[in-house]
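Encoded as structure tokens, the structure appears first; notes follow it.
Below, read A as the first sequence line, B as the second, and so on, with proteins coming before strands; counting in each chain starts at 1. Being a predicted model, the structure only gives us computed values, none of them experimental. Side chains included, hydrogens not; waters and symmetry mates left out as well; all remaining heavy atoms used.
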Protein chains: 2
Amino acid sequence: MARRRQAVTIRHVAADAGVSLQTVSRVINKEPNVRPEMMERVQASIARLGYVPSIAAQRMAGSRSYLIVALNDRERTIAGWRNRQGTDWVDQMLLGGMLTCAEHGYRLLVELVDTHSDHIERELLGAIAAIQPDGVILTPPHSENPLITRLLEAQGISFARIGSLKPGAGFAVAIDDEGAARLATEHLVALGHRRIGLIAGPDDYELSGRRVTGWRAVLAEAGLPTEGLLAQGDFGFETGRAAALALLDGPAPPSAIIASSDQMALATLELARERGLDVPGALSVVSFDDTPIVRFVHPPLTAIVQPIAEVTARAVALVIAERAGGAPLAAPVIVPATLAVRASTGRPVGA
Amino acid sequence: MARRRQAVTIRHVAADAGVSLQTVSRVINKEPNVRPEMMERVQASIARLGYVPSIAAQRMAGSRSYLIVALNDRERTIAGWRNRQGTDWVDQMLLGGMLTCAEHGYRLLVELVDTHSDHIERELLGAIAAIQPDGVILTPPHSENPLITRLLEAQGISFARIGSLKPGAGFAVAIDDEGAARLATEHLVALGHRRIGLIAGPDDYELSGRRVTGWRAVLAEAGLPTEGLLAQGDFGFETGRAAALALLDGPAPPSAIIASSDQMALATLELARERGLDVPGALSVVSFDDTPIVRFVHPPLTAIVQPIAEVTARAVALVIAERAGGAPLAAPVIVPATLAVRASTGRPVGA
DNA sequence: CTGAAAGCGCTAACAC
DNA sequence: GTGTTAGCGCTTTCAG
């Protein structure tokens with residue numbers, strides 16, 4: 001194992017270009033006060049020598065680390081990977097996050113921390129001290145954890161809260177959950193459904209409430225009932241099944257169900273199959289996650305397409321822009337979702 | 001944006017414990033020549049102050065960066081994320097890689113570079129200069145790219161080649177593809193199949209050949225033919241379909257097909273459905289990837305379960321161990337695959 | 001076994 | 001506009 005030192009440093013470039021270290025530094029950092037010709041000369045040397053600044057040294061000298069940390073919930077994330085249920089949340093995050101980072105010369109580092117831990121502050125502080133990121137992207141449920149947001153604020157680290165719309169420190173960037181719920185509900189109303197059930201997500205996610213709001217609003221506008229049509233799960237299969245059961249076993253069961261996650265939609269589908277309910281003839285089903293698997297079940301599920309990659313991209317861009325001195329915008333960024341109509345929704349029988 | 005400096009440095013710890021910087025450093029790095037009591041005293045101070053070393057500073061001073069880079073093919077990886085075909089390769093890599101890194105105080109940084117690029121060397125050199133990783137994990141097809149392996153070797157960076165068994169620099173860690181192919185073939189032979197087709201992967205992947213070898217060996221041992229039973233695809237749906245077509249349109253079509261990827265298996269399944277071939281009655285299908293989606297199609301596919309998380313974990317562990325002075329083991333590490341039997345395989349009609 | 005000195009590659013502040 | 005000086009936090013020599 002050879003002792004690895006930087007092969008070509010700022011010093012080599014300076015010597016090669018016949019300028020001072022500082023000038024090279026200014027060129028690297030696109031700072032003003034460098035004559036164009038000087039800049040070109042330096043850039044030529046950089047290119048010729050294949051010089052790349054060491055992020056460690058840059059960080060050391062009190063500048064940027066060019067590292068953005070994506071903070072995910074350890075337990076949930078690992079469970080998702082192990083269970084292999086087809087959720088590609090992390091992949092979509094990487095897609096949006098890594099590419100946007102790359103555009104600006106940054107890199108994304110995924111970090112897992114436990115939300116429900118009394119030593120979460122120590123854990124986070126440790127990660128920050130070790131990595132010294134220029135920004136942090138918070139994903140649910142971290143985005144709404146005051147312990148985390150307060151700590152980040154106190155540390156003066158710019159961060160974005162994905163999936164949160166609450167005011168406060170950090171950029172709020174979220175999918176338009178209310179609009180998405182409206183979209184799904186309107187689709188079903190247009191098909192002629194009059195009893196449209198919703199399996200909501202757990203209360204510890206802000207977005208659960210927003211979806212209920214959207215669903216409720218459309219039904220109210222259409223003069224349709226909500227009574228006995230709202231159930232709740234925790235996004236998982238089991239609770240989804242229980243919720244679907246409650247809905248279908250009610251006095252006046254729905255002819256369509258919107259589930260707040262793919263697993264809950266799958267559970268609903270399974271239940272329908274068991275009961276001999278034709279989908280979509282006797283029951284239409286809409287999923288709220290367009291994960292890969294919902295396209296491969298029978299029938300393929302109509303689903304809300306969550307623009308996770310775009311949301312993450314926006315979050316990263318905001319964090320980087322703030323570091324670069326951009327205006328610390330106040331309003332939350334809301335990214336619209338779309339609806340992918342597939343075979344699991346149709347006109348209700350007799351409509 | 002507060003000027004962020006390290007809140008608590010090695011200096012604070014040294015002062016608190018009443019020792020020199022050097023002694024603290026020795027404790028941090030678990031170096032010898034520190035009296036137990038001294039060590040305890042220092043560790044107490046570290047805990048009390050919540051000290052965490054800055055990786056930037058550690059790297060600067062010529063030590064480890066505690067960063068491992070996972071090098072993936074840019075084009076393929078991004079395409080996989082965008083297409084959302086349910087492949088969870090990256091997730092499984094992160095699962096094995098991140099957790100193993102974490103166990104040793106390292107972090108995993110995913111980096112995308114183009115394999116088929118003439119400036120790949122510049123790209124890689126740049127990433128190395130910027131990140132200065134302690135190790136690199138090469139994934140296919142990078143693992144077999146001599147431009148990359150030579151460069152890494154020249155740089156003295158320890159690395160692992162996932163999916164490669166070739167001798168040479170870097171740890172070779174691979175799934176037992178030959179054994180996996182044997183497993184799948186034996187399963188079909190045991191069910192009574194006598195004409196078992198294989199849709200191989202592309203030649204630019206070493207493992208494609210190993211799978212053919214395993215398949216061929218089992219058939220030879222069982223005295224079964226291979227003639228007209230071997231087709232080839234590029235792991236994608238389209239070429240998989242063409243390959244399945246070639247196999248099924250031959251003079252004596254197979255009663256079972258092993259596809260070297262989930263997409264090619266899905267293509268085979270679709271073709272069978274179009275032709276009214278009952279699966280598994282008229283045609284058994286085995287997939288080589290146990291990605292989430294193959295459990296959600298009908299019928300659920302029997303599939304080789306690739307232990308990608310474990311392979312990555314082993315690769316990371318080897319790289320870290322080498323840095324720590326472990327013996328640079330020569331033999332490739334081969335991790336066995338298993339077979340998940342589902343409803344897409346059964347006895348052939350009339351058997 | 002422990003400490004003191006030197007310097008890693010870079011940027012901040014200040015001079016010129 | 002450009003160069004000079006002084007560190008950032010840590011690990012490496014090398015003395016004791």
Can you tell me the distance, in whole Å, between the CG atom of B:Asn33 and the P atom of D:dA15?
-> 17 Å
Distance, rounded to the nearest Å, where A:Glu31 contributes CD and C:dC10 contributes C1' = 12 Å
Can you establish whether the number of heavy atoms outside B:Arg314 located under 6.0 Å from its atom CZ is more than 12?
-> no
Selection from C:dG7, D:dT13, C:dT11 that lies nearest to any side-chain heavy atom of B:Ala61 | C:dG7
Measure the distance from CG on A:Asn29 to C1' on C:dA12 and round it to the nearest whole Å.
-> 11 Å
Rounded interatomic separation in angstrom, taking CD1 from B:Ile10 and P from D:dC8 = 14 Å
Gap between atoms CD1 and P, on B:Ile55 and D:dG9 respectively (whole Å) | 15 Å
Verify the contact: side-chain N or O of A:Ser25 to OP1 or OP2 of C:dT11, cut-off strictly under 4.0 Å; return yes or no.
-> yes
A:Met60 CE to D:dT11 C1', in whole Å, measures 11 Å
Decide if atom CD of A:Glu31 counts as having more than 12 heavy atoms of other residues, nucleotides or ligands within a radius under 6.0 Å.
-> yes
Name the nucleic acid region contacted by A:Pro53, choosing base, sugar-phosphate or nothing; use a 4.0 angstrom heavy-atom cut-off, strictly under.
-> sugar-phosphate
With nearest nucleotides of DNA chain C determined for A:Arg26 and B:Ser20 from heavy-atom distances, which residue corresponds to the more 5′ nucleotide?
-> B:Ser20
To the nearest angstrom, how far is B:Gln132 atom CD from C:dC10 atom C1'?
-> 12 Å
To the side chain of A:Val34, which of D:dT2, C:dT2, C:dG9 is closest?
-> D:dT2
Quick check: does any side chain N or O of B:Thr100 sit under 3.5 Å from a backbone N or O of B:Gly96, one acting as donor and the other as acceptor?
-> yes
Please work out if A:Val19 contacts a base, only the sugar-phosphate, or nothing of the nucleic acid, heavy-atom cut-off 4.0 Å.
-> sugar-phosphate
When you check the phosphate oxygens OP1 and OP2 of D:dC10, does a side-chain N or O of B:Tyr66 lie under 4.0 Å from one of them?
-> no
Distance below 4.0 Å between A:Arg35 side-chain N/O and D:dT2 OP1 or OP2 = yes
Assign B:Gln58 to base, sugar-phosphate, or nothing according to its heavy-atom contacts below 4.0 angstrom with the strands shown.
-> sugar-phosphate
Please determine, by modelled atom types, if B:Thr312 and B:Gln92 share a side-chain donor-acceptor pair under 3.5 angstrom.
-> no
Which one, D:dC8, C:dG3, D:dC10, comes nearest to the side chain of B:Tyr51?
-> D:dC10
Are OP1 or OP2 of D:dG9 and a side-chain N or O of B:Ser54 less than 4.0 angstrom apart?
-> no
Below 4.0 angstrom from OP1 or OP2 of C:dG9, is there any side-chain N or O of A:Gln6?
-> no
When rounded to the nearest 0.5 angstrom, what is the spacing between NE2 in A:His12 and CG in A:Leu49?
-> 8.5 Å
Rounded to the Å, how far apart are B:Arg11 CZ and C:dA5 P?
-> 13 Å
